[in-house]
A.B. asks: 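My questions all concern the structure below.
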Amino acid sequence: MPDGTPHPLAAASALYRKVERVIPPFEWAMHEPTILEIQRLKQERNAVVLAHNYQTPEIFHCAADLVGDSLALARQAAETDADVIVLAGVHFMAETAKLLNPEKIVLCPDLAAGCSLADSITPEDVRRMREEWPGAPVVTYVNTSAAVKAESDICCTSGNAVQVVESLGADRVIFLPDEYLANYVAQQTDVEIVSWRGHCEVHERFTGDEIRQYREGVDGLVVVAHPECPPDVLDASDFVGSTAQMIGYVKSNRPGRVLLLTECSMSDNVAAEVPDVEFVRPCNLCPHMKRITLQNIRQSLESLEPRIEVPPEVAAKARLAVERMLAVK
Ligand code: 13P
Ligand code: SF4
């Protein structure tokens, strides 16, 4: 390799070292050719792969250039100078990337990768809420369609929800669509929170009883939860935060045994990096996140399809709501 590019086999074994704790060699042998092909296509297309923390380890550690929670992915999408963005995550994440990069090609390897929260609310519902609560600004979780974002004043993620709500200087805020995240925010602020009835189909399955049983069975267990979990689960947890904040907590506190109450691939991704921590894994998979595979990432890099498009009139308003969020420090 005269230009200093590592030989593909050397590159592959360096990649395998990142995941050897969580992917056995026979499984790696199956993934390796597709990963090398993805690396080659990314160079050819001047493309980046942005992967959410819930992607499987072979995507998260070996195909992605940038990884993170919804907030980090939005920030990275706003900053990249690649011509093509592949969003290894769900549809609303790819749509957010497109809003911030209208001139770029944004690919979502499976357009059916949805989200129960995004499906729980329509633009009409938001307009009705505004009529019911006149004067209250609307804060919309990024887990929504661009059309719903377009009806909002500002977006938020689970990583910045309290700061966003407080940045508005209002006594009352309409907070949509996740009821449990809204409850959690209401506990952290004096602002009155008006909520909707949306739930995440993955996080709503955890129960407080389940956490108590794990604590009884596992000595010294530390429980870390995502705020999309029901209130009794959050009450029974030691730390609550966005997926990136959960990872940050584990990496800096190094609990001997930890239970991450979120999508189960995230435990694998963190376990690959922290050999001194044992993970207890109730495996709640997000069926939407799991639609993204190495194969469809490779296919979309090859065909530059399927692309995300947002009608210009919706995009202009929705972009404003996302940009206002990114401006909140
Ligand atoms: P984060 O923003 O915390 O990554 O959450 C996104 C998500 O979809 C959680 O289910
Ligand atoms: Fe949506 Fe829940 Fe899946 Fe996240 S985990 S994408 S909130 S359904």
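Order of appearance sets the numbers: ligands from 1, and atoms from 1 within every ligand. Note that the structure is predicted; figures quoted are calculated from it, not measured.
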A.B. asks: Verify the distance criterion only: is there a donor paired with an acceptor across the side chains of Glu228 and His199 at less than 3.5 Å?
C.D. replies: no

A.B. asks: Near Asp69, which atoms of ligand 1 are under 4.0 Å from a heavy atom of that residue?
C.D. replies: 1 (P), 2 (O), 4 (O)

A.B. asks: May I ask whether Gln245 has any heavy atom positioned less than 4.0 angstrom from an atom of ligand 1?
C.D. replies: no

A.B. asks: Only heavy atoms of His203, strictly under 4.0 Å: list the atoms of ligand 1 that pass.
C.D. replies: 10 (O)

A.B. asks: Identify the closest protein heavy atom to atom 5 (O) of ligand 1: which residue and atom is it, and at what distance?
C.D. replies: His226 NE2, 3.3 Å

A.B. asks: With a cutoff of 4.0 Å, is Asn53 in contact with ligand 1, counting heavy atoms of the residue only?
C.D. replies: no

A.B. asks: Closer than 3.5 angstrom, by distance alone: can the side chain of Tyr16 be matched with the main-chain N or O of Ile23 as a donor-acceptor pair?
C.D. replies: yes

A.B. asks: Between Lys98 and Lys104, is there a donor-acceptor pair closer than 3.5 Å when you use the side chain of the first and the backbone of the second?
C.D. replies: yes

A.B. asks: If we ignore hydrogens and angles and just use 3.5 Å, is the side chain of Asp125 paired with the main-chain N or O of Ile121 as donor and acceptor?
C.D. replies: no

A.B. asks: Only one of Ile297, Ile35, Asn269 forms a side-chain contact (heavy atoms from CB on, under 4.5 Å) with Ile59, so which one is it?
C.D. replies: Ile297

A.B. asks: What atoms of ligand 1 come closer than 4.0 angstrom to any heavy atom of Ser158?
C.D. replies: 1 (P), 2 (O), 3 (O)

A.B. asks: Judging by distance only, is a nitrogen or oxygen of Thr157 under 3.5 angstrom from one on ligand 1?
C.D. replies: no

A.B. asks: So which protein N/O/S atoms does atom 3 (Fe) of ligand 2 have within less than 2.8 Å?
C.D. replies: Cys286 SG

A.B. asks: Polar contacts were defined as any N/O atom of the residue lying under 3.5 Å from an N/O atom of the ligand; does this apply to Ser70 and ligand 1?
C.D. replies: yes

A.B. asks: Consider ligand 1: state whether an atom of it lies below 4.0 angstrom from any non-hydrogen atom of Gly159.
C.D. replies: no

A.B. asks: Just by distance, do the side chain of Asn160 and the backbone of Cys156 share a donor-acceptor pair under 3.5 Å?
C.D. replies: no

A.B. asks: For Asp276, does the CG atom sit with more than 12 other heavy atoms under 6.0 Å from it, leaving out its own atoms?
C.D. replies: yes

A.B. asks: Would you say the SG of Cys264 sits less than 2.5 Å from the SG of Cys283?
C.D. replies: yes

A.B. asks: Which of the atoms in ligand 1, numbered in the order shown and given with their element, are less than 4.0 Å from a heavy-atom of Ser242?
C.D. replies: 3 (O)

A.B. asks: With atoms numbered from 1 as shown, which atoms in ligand 1 lie under 4.0 angstrom from a non-hydrogen atom of Tyr54?
C.D. replies: 7 (C), 9 (C), 10 (O)

A.B. asks: Report yes if His52 has an N/O atom closer than 3.5 Å to an N/O atom of ligand 1; otherwise report no.
C.D. replies: yes

A.B. asks: Nearest protein heavy atom to atom 8 (O) of ligand 1, by residue and atom, and its distance?
C.D. replies: Asn143 ND2, 3.3 Å

A.B. asks: Give a yes or no on whether the backbone of Cys155 and the side-chain of Ser152 come within a donor-acceptor separation of less than 3.5 Å.
C.D. replies: no

A.B. asks: Give a yes or no on whether Asp219 atom CG has more than 12 heavy-atom contacts from other residues, nucleotides or ligands under 6.0 Å away.
C.D. replies: no

A.B. asks: Hey, does Leu294 have a side-chain heavy atom less than 4.5 Å from the side chain of Ile38?
C.D. replies: yes

A.B. asks: Should Glu228 be counted as touching ligand 1, given the test is an N or O pair under 3.5 Å?
C.D. replies: yes

A.B. asks: Side chains of Tyr141 and Cys115: does their closest heavy-atom pair fall under 4.5 Å?
C.D. replies: no

A.B. asks: Quick check, are the ring centers of Tyr180 and His203 under 6.0 angstrom apart?
C.D. replies: no

